[in-house]
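These numbers come from the heavy atoms of this one structure, side chains and all, not from hydrogens, waters or symmetry mates. All ligand and atom numbering here is 1-based and tracks the order in the structure.
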Amino acid sequence: MACRERLICAATDLVDQGKGIRFELDRHSKSRAAFVVRFEGEPHAFLNQCGHVPVELDWQEGAFFDDSRLYLICSTHGALYHPANGQCVGGRCAGRGLIPLPVVERGGQIYLLETD
Ligand code: FES
């Protein structure tokens with residue numbers, strides 16, 4: 001299985017616990033919304049799909065963190081997710097977490113790792 005890296009953004013575009021960057025990826029021949037945030041210095045990416053109802057989390061583009069900046073929040077009904085792993089930590093996600101995507105930071109850039 002081949003693995004390739006796809007550039008998402010510059011590392012400096014991601015501020016710790018700040019605004020996220022949206023991007024698209026192909027999954028099973030479908031375009032899917034995804035996003036990347038920085039938390040405790042590391043980039044973390046997920047499909048942009050709530051565990052409660054499969055809608056995107058951000059009403060305002062890139063606004064994924066809640067007011068505390070400790071959790072990712074779904075703007076529809078307020079489900080909370082841990083930004084390091086996407087696990088549901090409260091609200092209507094009821095144990096259904098976000099789907100994580102592999103990313104790497106290297107040479108001042110953030111890359112998505114894609115497999116064929
Ligand atoms: S759709 Fe996200 S919490 Fe309901």
Check: Got a second to check how far I73's CD1 is from D66's CG, nearest 0.5 Å?
Finding: 5.5 Å

Notebook entry, point to check: How many angstroms lie between atom CZ of R32 and atom CD1 of I99, to the nearest 0.5 angstrom?
Noted result: 6.5 Å

Check: Taking ILVMFWY side chains as joined if any heavy atoms are under 4.5 angstrom apart, and letting links pass through other members, which residues group with W59?
Finding: none

Notebook entry, point to check: Who pairs with S31 by side-chain hydrogen bond (donor to acceptor under 3.5 Å, both in side chains), at least two apart in sequence or on another chain?
Noted result: E24

Check: Knowing that exactly one of C50, C74, C88 qualifies, which makes a disulfide (SG to SG under 2.5 Å) with C93?
Finding: C88

Check: With sequence neighbours excluded, what pairs up with L70 under the side chain to side chain contact (heavy atoms under 4.5 Å, CB included) test?
Finding: Q17, S68

Check: Do any protein N, O or S atoms sit under 2.8 Å from atom 2 (Fe) of ligand 1, and which ones are they?
Finding: C50 SG, C74 SG

